[in-house]
Amino acid sequence: MATRAQARNGPVSAASLLRMEPEIAAALAARRPVVALESSVIAQGLPIPANADALTRMIEAVERYGATPAVTAIVRGVPALGLDTASQARFLAREGVRKVAARDLAVAMAHGEDGATTVSGTLALMRLAGIDVFATGGIGGVHREPAYDESADLVELARTSAIVVCAGAKAILDLPATLERLDTLGVLVIGYRTSELPGFFADGTGLPVPHRLDGAADIVRVFRAHRSLGRPSAVLVVQAAPADASLARQEVEAAIARALAEARKVGVSGSAVTPFLLGAVERATGGRSLAANLALLEHNASLAAEIAVAMSAA
Ligand code: PSU
Ligand code: MN
C-alpha cells in the first residue's frame, strides 16, 4: 500500500498504487511476458453476453501463446491489473461502471468507483507496471462528426512507450484524418503483414501505412530501436481482422451512415459517442459487426502475446 508521502510524490512511486492479481505480479517479477487488455471494450463497447465471450477469448488467446493477460481497470477506486471474480462479474454486468479515459483515472480513484479503462486509460496504467505490450480492438481517433471530437487515445499513444496491437482505428471514424494525426504525433504505425490500414471490422481502407513488418521478432527489434532513441511514443501494430469474419467495406459504410444519422437525431455527445455508434452499426449489420469485433479482438490478443513472448526471449 502506498504511504501518504508516496502519493504526494506522484508517479515515481505510482507503481505501488496498483493492485495486481497474484499471477500477474509473479509474471512481472520474473520478467515473463505480460499483455495488457483494456476493460472499456467489455463494459461499454460490447453488449451482454458478447462481452463475456470477448473477454474469455482474449484471455485464452494470450495464455495460449504463453503470456499472462492483465486486464486494466479502476476497481472500487483502486487501479488494478487483473480482475478478481467478483469485480469481473460487475464489469461484465456493465452496472455502475464508468468509462475511464486517462484524464478520468483520478476521479474514479478519489470517488472509489469502478472504472473501465479505454485505450488511453489502459496506456496510463500499464506504464506504471512496466508492461510493454497491449492488445485492443480498434483505437479511438478523429471522429467524422461533430467537428473537433478527437479521442484522447491519440495523444496518449504519442506519449506512451508501448507496443499496441489493433485492427486500425474504429471504422466509424475519419480514418484518413486519424492516420494524419498519428503521423503528426509521431506514433509509429506498422502494418503487420499488410501495407494498408486495416478497416477494423471492414475488410480494408485503401489507405497506405508507412511501414510493413511480417514477424514478431522484427517488431520487437524496431520497438527496441525506437525506445533506444528515447522516442516517447507508441509503436502501433495494425493487422487486418481474420478474413472470414470481416465485412465488406461498402456494407460497413452504409451501416455507419445510418449510425451517424441516428446519433445526430438522438444528439449523443462526449464519451457516449463511440459506444453509441458501435451499437448502431451492430444493429444495422444484423450483429455481424459484433461477430467481427470479437474475432479481431482475439486475433489481436494472439499477436500481442506472440510479440510479448518474442520480447522476453530476446
Ligand atoms: N473498441 C471497441 N469498442 C470500444 C472501444 C474500442 O470495439 O468500446 C473503446 C476503446 O476503449 C477506445 C474507446 O479507447 O472506445 C475510444 O473512445 P473515445 O472515442 O470516446 O475516445
Ligand atoms: Mn470523444
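Each ligand, and each atom within it, is numbered from 1 in the order the structure gives. Any value given below was found using the heavy atoms of this structure, including those in side chains, with hydrogens, waters and symmetry copies removed.
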So, [X] side chain and [Y] main chain: donor-acceptor pair closer than 3.5 Å or not?
| X | Y | value |
| --- | --- | --- |
| S289 | T285 | no |
| N51 | I42 | yes |
| R224 | M311 | yes |
| E196 | T205 | yes |
| S312 | V309 | yes |

Which residue owns the protein heavy atom closest to atom 19 (O) of ligand 1, what's the atom, and how far is it? T274 OG1, 2.6 Å

Nearest protein heavy atom with distance in Å, relative to atom 9 (C) of ligand 1: K170 NZ, 3.8 Å

Short N or O distance, [X] and ligand 1, threshold 3.5 Å exclusive:
| X | value |
| --- | --- |
| E38 | yes |
| N293 | yes |
| K99 | yes |
| S151 | yes |
| Q44 | no |
| V119 | yes |

Can G45 be said to touch ligand 1, with heavy atoms closer than 4.0 Å? yes

Quick one: does G138 get a heavy atom under 4.0 Å from ligand 1? yes

[X] [atom1]: over 12 foreign heavy atoms closer than 6.0 Å:
| X | atom1 | value |
| --- | --- | --- |
| R231 | CZ | no |
| Y65 | OH | no |
| R94 | CZ | yes |

For [X], take its heavy atoms, then give the atoms of ligand 1 lying under 4.0 Å from any of them.
| X | value |
| --- | --- |
| H143 | 19 (O) |
| S40 | 11 (O) |
| T118 | 11 (O), 14 (O) |
| V41 | 2 (C), 3 (N), 7 (O) |
| L278 | 2 (C), 3 (N), 4 (C), 8 (O) |
| D153 | 12 (C), 14 (O), 16 (C) |
| F200 | 7 (O) |

To make sure I understand the geometry: which N, O or S atom in D149 is closest to the Mn ion (ligand 2)? OD1

Whether the R127 and T160 side chains hold a donor-acceptor pair (N or O, under 3.5 Å, no angle test) is what I'd like checked. no

Answer yes if the side chains of T136 and E38 hold a donor-acceptor pair under 3.5 Å, and no otherwise. yes

Establish whether V142 and F276 are linked, either directly or via other cluster members, by ILVMFWY side-chain heavy-atom contacts under 4.5 Å. yes

